[in-house]
There are 2 protein chains.
Amino acid sequence: MTDSSNDVTPDRLCKADALPPSDQHAQQYVAVRNAHETELLEDYVELIAHLLKHQGEARSTDIAARMGVSQATVSKTVTRLKALGLVSSKPYRSLFLTEKGEAMAAMSHQRHAIVLQFLRALGVSDRTARIDAEGMEHHVSQETLDIMQRYTREQERRSS
Amino acid sequence: MTDSSNDVTPDRLCKADALPPSDQHAQQYVAVRNAHETELLEDYVELIAHLLKHQGEARSTDIAARMGVSQATVSKTVTRLKALGLVSSKPYRSLFLTEKGEAMAAMSHQRHAIVLQFLRALGVSDRTARIDAEGMEHHVSQETLDIMQRYTREQERRSS
DNA sequence: CCTACAAGTTAACCTTGGCTAAAATATTAG
DNA sequence: CTAATATTTTAGCCAAGGTTAACTTGTAGG
Ligand SMILES: [Mn+2]
Ligand SMILES: [Mn+2]
Ligand SMILES: [Mn+2]
Ligand SMILES: [Mn+2]
């Protein structure tokens, strides 16, 4: 027997804490695990694109310094990027992006920029915004990106 | 020998696109890698706390279903949680949180809730907000959390 | 009390993404 | 041109997190 007449408050208290149904909940974690799979690849191609554009070439040693990892780690990851058709290079030479790599870099960079600018527009300090954006960017859906972009533009309009 | 920190490029053109100095940039990635180390642990203890509170007990099989992984995976991760002093249990029995586990669960849950409510306040749909929050939560600094919370409260005040 | 079935564990395997140390290659100085 | 130095690659190691298959343990029905 369910008494629906006096569970108004309990329902509201519970509602906020309730988890979605099991299968929907599981899909949340699946989405996160999927994001983790491409996260590092995105950061690499984004960085390589930046180095190509601003330094003229993308060297492993620069990537290692920027990413805060050893050169051996870069070498191994680059092997994977090449296997995935995102990067091309000759042994012991600097790196280039394939068409596919450039496309991923462009997407990643744009998304990264939207998140970073949104955080700054919200009032987060530059340093913190950069740190948070570096991680958050890989978990922001298109729907949320659109809303962030609208907010940022609105904010910029107001302060001009 | 290439100077990685060369600033030959004109300031005006570069400014919006410029990366932070190499060591600061590296620290961004270090922060993300650190977050990744605790991410799964946080999700587990948060889920266990929820099950204990709302179901009375936390069974491996429920966790597996909610997380979308196999029971074997849960078993192995729980072994790690126990080794870290976050969870306690007897073989073949259901799970409990240690003091330390409860503390982590409380922090994680609060942070998760702040991010989720913020996304909803921004106008993101419930379904998307839940997915994004599941990943974003682990990469949001205290500074940003505070700002998100303020924004959400302001939004709630307006629409009441 | 036994027996089926549900739940939990273990073993063997895989990929990712880190590391250090050593080897190979490229570049630069003399 | 050669020797020193810088860069890149390779080999061998490790932990995290996932899988399937097989085994162990717990529990509920007849
Ligand atoms: Mn990025
Ligand atoms: Mn990133
Ligand atoms: Mn969470
Ligand atoms: Mn999460």
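Every chain is numbered from 1, with letters handed out A, B, ... down the list of sequences.
Applying side-chain contact (heavy atoms from CB on, under 4.5 Å) to B:L145 and the options B:E143, B:Q149, B:Q142 leaves one that passes, B:Q142. Exactly one residue among A:Q155, A:M148, A:E154 makes a side-chain contact (heavy atoms from CB on, under 4.5 Å) with A:Y151. That residue is A:Q155.
Using a 4.0 Å heavy-atom cutoff across all strands shown, B:S75 reaches at least one base atom of the nucleic acid. Contact annotation for B:S60: backbone-only contact, meaning every heavy-atom pair under 4.0 Å involves sugar-phosphate atoms and none involves a base.
Atom NZ of A:K90 is separated from atom P of C:dA26 by 11 Å (rounded to the nearest Å). Note: CZ (A:R93) to P (C:dA24) measures 18 Å, nearest angstrom. If you take CD of A:Q55 and P of D:dT7, they are 13 Å apart, rounded to a whole angstrom. Atom CZ in B:R33 sits roughly 18 Å away from atom P in D:dA15 (whole-Å rounding). Regarding B:E37, its CD atom lies at a distance of 13 Å from the C1' atom of C:dC19, rounded to whole Å. If you take CD1 of B:I63 and P of C:dA7, they are 13 Å apart, rounded to a whole angstrom. Atom-to-atom, NE2 of B:H36 to C1' of C:dG18 comes out at 14 Å; the value is rounded to the nearest Å. Rounded to an integer number of Å, the gap from CD of B:Q71 to C1' of D:dG26 is 13 Å.
Positionally, the nearest nucleotide of DNA chain C for B:P91 lies more toward the 5' end than for the other of B:P91 and A:P91. In this structure, B:Y92 and B:K76 both approach DNA chain C, and ranking their closest nucleotides by distance from the 5' end singles out B:Y92. Between B:S70 and A:T73, the residue whose closest nucleotide on DNA chain D is further toward the 5' end is A:T73. Mapping B:R59 and B:V69 onto DNA chain D by nearest heavy atom places B:V69 at the nucleotide closer to the 5' end.
Between A:E156 and A:R158, none of the side-chain N atoms (NZ, or NE/NH1/NH2) sits under 4.0 Å from a carboxylate O, so this pair counts as no salt bridge.
Ring-plane geometry between B:H36 and A:H36 is classed as perpendicular, the angle between the planes exceeding 60 degrees on a 0 to 90 degree scale with a lower cut at 30. Relative ring orientation between B:Y29 and B:H25 is described as tilted, the plane-to-plane angle lying within the 30° to 60° band.
Comparing C:dC19, C:dT9, C:dG18 by their nearest atom to the side chain of A:A72 picks out C:dC19.
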